[in-house]
Amino acid sequence: MTVVTAVAVVEDREGVPCGVRVAFREGGAVVLTVWTDWSLVITEAPGRGLPDYFWPPEEYALRSMGLPIPADGAPVDLVCRERQPGGLYEVELRGVGFGVVVGARGGELTVSGESSDSWQAMETPYDALAARAEETWEETLAGLPVGARVTAVVIGRQPFGAFLSFGGFPQALGLARVSRMPRGRELPRVGSTVECRVYWHDGRNHQVLVELREWVTDW
């Protein structure tokens, strides 16, 4: 189990996020940022500073994400997601009472972090929903192809995104990831009805990945 002591956003003078610095209890730190090939990269950070490519250093500052991390650190699960081909595109840190998602989208860095006070769990346990979604996966693929526009209801809200239930496909499990959400927006609350468009099928988790109509300009 990885134990982190701090998570901070690297911002330029305009306040634009350029990276995320994660410090570990055992010593050392890493910075996540978007590279020239638009993939997400993880590099070691020297001491209390930043890698050399943040130059000149006076142009950048660290802003704490204000997460509920104790002074002696918090254990986290680290989840790295890769697209094939294309490399790493998203890293998620899951701790007790908080979560952070760092992603690469269109050459830009996306960062979101929330404490458990802003989460909303699902009435039906996730494991039960996932089992139903797996049983009807082939039906879901046929009924909700990539590009399909559909109305959905938000049934759960976590730091990494909002879980959805689709009208006409009650066994399917949708997910609107924060990595697709424009900067400055917030996830819809549980019970909200949203219009969305399917952009991918996550066969491993049997989830229909969508982007919300309010998040895109080419609807």
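In this chain, residues are counted from 1 in sequence order.
- The environment of CD in Glu58 is crowded: more than 12 heavy-atom neighbours from other residues, nucleotides or ligands sit within 6.0 Å.
- Contact between Ala172 and Phe166 at its shortest, heavy atoms only, is CB-CD1, 3.9 Å.
- To the nearest 0.5 angstrom, Leu109 atom CG is 8.0 Å from Leu32 atom CG.
- Checking side-chain atoms of Asp202 against main-chain N and O of His206 turns up no donor-acceptor pair under 3.5 Å.
- The backbone N or O of Arg149 sits nowhere less than 3.5 Å from a side-chain atom of Arg213 that would complete a donor-acceptor pair.
- Side-chain contact between Val216 and Arg197: present, with at least one pair of heavy atoms (C-beta onward) separated by less than 4.5 Å.
- Remark: Val76 pairs with Thr2, Val4, Leu93, Phe98 by the side-chain contact (heavy atoms from CB on, under 4.5 Å) rule, at least two apart or across chains.
- Remark: Glu26 CD is packed, more than 12 non-hydrogen atoms of other residues, nucleotides or ligands lying under 6.0 Å away.
- The structure places CD of Gln207 at 5.0 Å from CZ of Phe163, a figure rounded to the nearest 0.5 Å.
- In the hydrophobic clustering of ILVMFWY residues, with side-chain heavy atoms under 4.5 Å counting as a link, Val20 and Ile42 come out together.
- Rounding to the nearest 0.5 Å gives a distance of 5.5 Å between CD1 of Ile155 and CG of Leu173.
- In this structure, Val34 and Gly107 approach most closely via the heavy-atom pair CG1-O, 3.6 Å.
- Scanning both residues, Met181 and Leu187, for their nearest heavy atoms gives SD-N, 3.7 Å.
- Under the 4.5 Å side-chain contact rule for hydrophobic residues, Val9 and Leu78 share a cluster.
- Considering all non-hydrogen atoms of both residues, Trp215 and Ala176 come closest at CH2-CB, 3.8 Å.
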Just list the side-chain donor-acceptor pairs under 3.5 Å for residues 133-144, sequence neighbours left out, or say none.
| from | atom 1 | to | atom 2 | distance (Å) |
| --- | --- | --- | --- | --- |
| Thr136 | OG1 | Arg132 | O | 3.0 |
| Thr140 | OG1 | Thr136 | O | 3.1 |

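- Under the 6.0 Å distance and 45° angle rule, Arg180 counts as a cation-pi partner of Tyr199.
- Arg21 contributes atom CZ, which lies 15.0 Å from atom CZ of Arg63 (distance to the nearest 0.5 angstrom).
- Val150 and Gly167 make their closest contact through CG2-O, 4.5 Å (heavy atoms, listed as atom of the first residue, atom of the second, distance).
- Linking Ile, Leu, Val, Met, Phe, Trp and Tyr whenever their side-chain heavy atoms come within less than 4.5 Å leaves Val153 and Leu129 in two separate clusters.
- Ser112 OG to Glu92 CD: the interatomic distance, rounded to the nearest 0.5 Å, is 8.5 Å.
- For CD of Glu214, the number of neighbouring non-hydrogen atoms (other residues, nucleotides, ligands) closer than 6.0 Å is greater than 12.
- Panel note: side chain Thr33, backbone Cys18; a donor-acceptor pair is recorded below 3.5 Å.
- Residues Val79 and Arg94 have side chains in contact (heavy-atom distance under 4.5 Å, counting atoms from C-beta outward).
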query: Checking side chain to side chain contact (heavy atoms under 4.5 Å, CB included) for the pair Val100/Met65: CA distance, chi angles, key distance, verdict?
result: CA-CA 9 Å; Val100 178; Met65 295 191 69; 4.2 Å; yes

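- A distance-only check finds no donor-acceptor pair linking the side chain of Arg13 to the backbone of Ala61 [under 3.5 Å].
- Between Arg177 and Glu211, no side-chain nitrogen of the basic residue sits less than 4.0 Å from a carboxylate oxygen of the acidic one, so the salt-bridge criterion is not met.
- Other members of the cluster containing Leu50 are Val10, Val31, Trp35, Val41, Tyr53, Phe54, Tyr60, Leu62, with ILVMFWY side chains joined at under 4.5 Å, either directly or via other members.
- To the nearest 0.5 Å, the span separating CD on Glu195 from OG1 on Thr151 amounts to 5.0 Å.
- In terms of heavy atoms, Pro145 sits closest to Val198 at O-CB, 3.5 Å.
- Enclosure of atom CG in Asp72 by more than 12 non-hydrogen atoms of other residues, nucleotides or ligands within 6.0 angstrom is indicated.
- Residue-environment remark: CZ (Arg25) stays at or below the threshold of 12 foreign heavy atoms within 6.0 Å.
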